[in-house]
Amino acid sequence: MSDPTAISDEELEAIALAADPDVLLDDDAVPFVVDRPVGPELLPEWYMPVPQTTKRTPGRMIGAATIVGALVLVNAAGLCVTYGLPEIAW
């Protein structure tokens, strides 16, 4: 049994195409869902977590550069490290 108030994909597409993207909203307009925070948390935490505020120390930067450089050198030498152990890529 289908819901008589359900909207088909074609109807939703027609409504979206007919909408005016440049419509001006009133200053006192509120979102439909009022229990969500308004501001920087527009995306859920699992989708895009808030960046951690850790200090960039020279040791961390050197460590990261060493790992990246080692991977570039291994790949430049024609070795494959996809599964952990270096082997000749065929």
Side-chain angles (χ1 to χ4, degrees):
M1 181 186 237
S2 65
D3 185 9
T5 60
I7 299 175
S8 69
D9 288 341
E10 291 79 19
E11 290 174 303
L12 284 175
E13 182 180 3
I15 292 170
L17 291 174
D20 182 12
D22 297 323
V23 67
L24 296 176
L25 299 176
D26 294 335
D27 291 335
D28 60 348
V30 295
F32 289 117
V33 182
V34 293
D35 59 343
R36 288 188 183 172
V38 177
E41 296 182 15
L42 297 177
L43 294 174
E45 180 73 23
W46 58 264
Y47 183 78
M48 186 176 291
V50 177
Q52 300 297 320
T53 57
T54 58
K55 190 173 184 180
R56 291 186 182 176
T57 61
R60 288 184 187 205
M61 293 172 47
I62 291 171
T66 302
I67 292 171
V68 170
L71 289 173
V72 168
L73 287 175
V74 167
N75 286 315
L79 299 175
C80 178
V81 291
T82 303
Y83 299 109
L85 297 174
E87 55 186 44
I88 297 173
W90 294 98

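Applying the side chain to side chain donor-acceptor pair (under 3.5 Å) criterion to Glu11, with sequence neighbours excluded, gives Ser8.
The distance from atom CD1 of Ile62 to atom CD1 of Ile67, rounded to the nearest 0.5 Å, is 12.5 Å. Rounding to the nearest 0.5 angstrom, the gap separating the CG atom in Leu73 from the CG atom in Leu79 is 10.5 Å.
For Asp20, the CG atom sits in a packed shell: over 12 heavy atoms of surrounding residues, nucleotides or ligands are nearer than 6.0 Å. Heavy-atom neighbours of Leu24 CG from other residues, nucleotides or ligands within 6.0 Å: at or below the threshold of 12.
The shortest heavy-atom contact between Met61 and Arg56 is SD-CB, 4.1 Å.
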